[in-house]
Number of protein chains: 4
Amino acid sequence: MSHSRVRKAEVVSEFRRAQLLEAARESFGQLGLAGTTVDDIARRAGVAKGTVYLYFKSKADILEHAMLVDHTRLRDETVPLITGDGPLVDRLTAFLAAGLVFVDQNRGFFEHVHFEMGRDMRKRTLQQLERIFHDQVHAWRTALTRARRRGEVGRDLSPAAAAQTIVALASGLAKQRIRGWLPGPVDRIAATTSATIWRGLAAR
Amino acid sequence: MSHSRVRKAEVVSEFRRAQLLEAARESFGQLGLAGTTVDDIARRAGVAKGTVYLYFKSKADILEHAMLVDHTRLRDETVPLITGDGPLVDRLTAFLAAGLVFVDQNRGFFEHVHFEMGRDMRKRTLQQLERIFHDQVHAWRTALTRARRRGEVGRDLSPAAAAQTIVALASGLAKQRIRGWLPGPVDRIAATTSATIWRGLAAR
Amino acid sequence: MSHSRVRKAEVVSEFRRAQLLEAARESFGQLGLAGTTVDDIARRAGVAKGTVYLYFKSKADILEHAMLVDHTRLRDETVPLITGDGPLVDRLTAFLAAGLVFVDQNRGFFEHVHFEMGRDMRKRTLQQLERIFHDQVHAWRTALTRARRRGEVGRDLSPAAAAQTIVALASGLAKQRIRGWLPGPVDRIAATTSATIWRGLAAR
Amino acid sequence: MSHSRVRKAEVVSEFRRAQLLEAARESFGQLGLAGTTVDDIARRAGVAKGTVYLYFKSKADILEHAMLVDHTRLRDETVPLITGDGPLVDRLTAFLAAGLVFVDQNRGFFEHVHFEMGRDMRKRTLQQLERIFHDQVHAWRTALTRARRRGEVGRDLSPAAAAQTIVALASGLAKQRIRGWLPGPVDRIAATTSATIWRGLAAR
DNA sequence: AATGAATGAGCCTTCATTCAT
DNA sequence: TATGAATGAAGGCTCATTCAT
């Protein structure tokens, strides 16, 4: 019974954390990082200000955890798509689309947060993003190397360069999507972009 | 004579503004947006804090003007490259390289400033960037359309999609360069990336 | 039986109070008054924060009781020494030594607590100390009057003034001992000081 | 003229500091250290809260400077009295009186402040006080050694022990005066105390 | 009796902006 | 024009105390 009480407390605690993170994401998304006060977060979560500090040790800590959720999701929703087994061009399309979908689902949060972090926070955030970036590049290099062996991509293609190009392109698309410069259905954008770099620009 | 006095006053005034903007860019670059105080800027410019407010109406105003300088430069250093008259692939390489060079030259400023702007400031900034982005896309679409007519690029290529892809790619490369994830000489990066999308990924 | 149950409850209750007071003294001694949180006290006593409030009505209340223990001890360890029956000079030495020993044994607590009390608490504390002070002065006056009658001290000595002098001196020594400005064995300090005022400074 | 302007600014600045210190001493004296807010100090000085931080870098800094004034005065008002050239017993009386006068003039401030300082502040304060204490003891030892040579005090008196006794006694008197346990005119208290230890307690 | 999550008042400090000189 | 002292709003954080379980 003491066991179940511990469990219950843990569950409640986790719930509060999630509740606060949700409130924080909402507030950050609407008011920006600087515009959000701890009071805001508390109010949205329906608790008193002091309560926030029972679950997170500072405002920065809240942000860090809020972002961690995103980063985990971002990786999980993109990397596996690269190492699938369909035709490479389809995987490329899916990869580009996934990045755009992710952005669409987190627009408010991204719009502000990635732009207002302080020095140290940004450092830590970028380290996390760098790992994701490296994972994506690595996965693409592997996929391209195999595809070249199978004759699916050009013999003279540099898998390393191409991998980096793809990831940079996905990142560029996402950025422009966040900013609203890339309207329209995600699938169409992904498909045409994918087609463009798949075939190349040059006449043949 | 009253005329020349006005002139002189204007010149002095312009000088002060430039001096303050330079100090601001330096401080923003080193300390970030939130980390920079109006006092910092004044001190670096060698004037008193109150003087700053004779030339700019707020801290946000300083930032806005500091960015305007950048945006003007960014446009001037990229758009003309697209509408040149060498082979399209060379222009593409030059375009990608120019974006990276620009980033390299303003790294400190970008690193911080683009990440810390408040709501309204970011809005205005993005509007400016959007215009540059549109100009770039437009220039590429024109260039690609002509190139297609000349048979320089594939018949079935969509100039609109390709233009957007190129610009997104340039933007993605720039972003990763800022973050330090794209080390090495700018020219090599531009050349290999350009080659990749020029030839395309697909075997032929 | 209901009687014995009440008794048992009382005993347990007293035990808890003592346990909490001990924890409080420890914490006050190490972290100071302001540096000690109710949580600290609870943790050291191995109970939950709320429990503290079952035994004391506030942090100030804890402090008050913690000091009461001290004051009782201080009185019990000094006043009886004055009204003994050995030679007066020996009683003086013993009295001075007792004050120093007391300080040595409670250094941590004194170091902080006497310096950080709030208004009201200090008022109450000083009232308690004043009683001890008066008791000491009174005891000394009585002892000196008797000693004068016996010809043990100078005929022209004012018992009242001398009593106050002795107590002030003891208090001054204690203060300097707390501050670490009076190193060395307690007995030696007490003996030399005692000798000094016993013989007086003047040549004879 | 620029010279005189600098001067004027300095004078104004010093005036403000003094004004703030006075307000702080007043507030600390009335409300205690913890009870005094920076707002209190500002209000008493007739300035805005932010202004306080133009002259002192923190609340602790204010306290430190407020105490420095005291310590300087305490030393200057006591040490010179010891090394005068009148009869030693008169110097002793003057010394004891000076300590009591000092306390009387700063009662409110002392009452609170010395009792509520935080760890570090108290450490620094005590270091300053220790120097004063040492200076006093040293001066007395010198004075007593000379007096012994002149046959003014007993041949067998230990100057070191006697010096420490005197200083401890002065400190004890001051402490009790602060606490209100030593009412009456300062001169009388000093005279009788001085007489008591000058003649000694012992019958002769 | 015991718990510990929740509360919220309160305080120090920063800094963009103003204004008297 | 230039100065820089003065302002005061605003926000992150602590912690004594309460209360539902």
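Every heavy atom of this structure was used, including side-chain atoms; hydrogens, water molecules and symmetry mates were not. Chain letters run A, B, ... following the sequence lines, proteins first and then strands; every chain starts at 1.
Summary of the strand contacts: Val38(C) and Ala48(D) both lie near DNA chain F, and taking for each the nucleotide with the nearest heavy atom, the more 5' one is attributed to Ala48(D). When each of Lys49(D) and Val47(A) is assigned the nucleotide of DNA chain E with its nearest heavy atom, Val47(A) is the one assigned upstream, toward the 5' end.
Using a 4.5 Å heavy-atom cutoff, the side chains of Val52(C) and Ile62(C) are in contact. At a threshold of 4.5 Å between non-hydrogen side-chain atoms, the residues Met67(A) and His71(A) count as touching. For the pair Gln19(D)/Phe15(D), a side-chain contact is recorded, criterion being any heavy-atom separation below 4.5 Å from C-beta on. Side chains of Arg44(C) and Arg25(C) form no contact here, defined as non-hydrogen atoms less than 4.5 Å apart.
Rounding to whole angstrom units, CD1 of residue Ile41(A) and C1' of dT7(E) are separated by 17 Å. The interatomic distance linking Arg43(A) (CZ) with dT7(E) (P) rounds to 13 Å, in whole Å. Ile62(D) places its CD1 atom 15 Å from the P atom of dC11(E), with the value rounded to the nearest Å.
No contact: Ser13(C) has no heavy atom under 4.0 Å from any strand.
No hydrogens or angles considered: a donor-acceptor pair under 3.5 Å links the side chains of Thr37(D) and Asp40(D).
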Handout entry: Dot-bracket notation for DNA chain E, counting Watson-Crick and G-U pairs under 3.5 Å, with | for partners on another strand
Key = .||||||||||||||||||||
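Taken from NE2 in His65(C) to OH in Tyr55(C), the straight-line distance is 14.0 Å, to the nearest 0.5 Å.
In this structure, Asp61(A) and Phe56(A) approach most closely via the heavy-atom pair OD2-CA, 3.5 Å. Across Gln128(B) and Leu68(B), no two heavy atoms sit closer than the pair NE2-CD1, 3.5 Å. Of all heavy-atom pairs spanning Ala66(A) and Leu21(A), the tightest one is N-CD2, 3.7 Å. Scanning all heavy atoms of the two residues, the minimum distance from Lys59(A) to Leu33(A) falls at NZ-O, 3.1 Å.
First and last contacting nucleotides of DNA chain F toward chain B (any atom under 4.0 angstrom from a heavy atom, 5' to 3' order): dT1(F) to dA6(F).
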Problem - Step-by-step side-chain contact (heavy atoms from CB on, under 4.5 Å) determination, Val47(D) to Leu20(D) - result: CA-CA 9 Å; Val47(D) 300; Leu20(D) 283 165; 4.1 Å; yes
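Here Arg16(C) does not reach the OP1 or OP2 of dA1(E): none of its side-chain N or O atoms lies under 4.0 Å away.
Within residues 50-60 of chain A, the residues that place at least one heavy atom under 4.0 Å from DNA chain E are, in residue-number order, Gly50(A), Thr51(A), Leu54(A), Tyr55(A).
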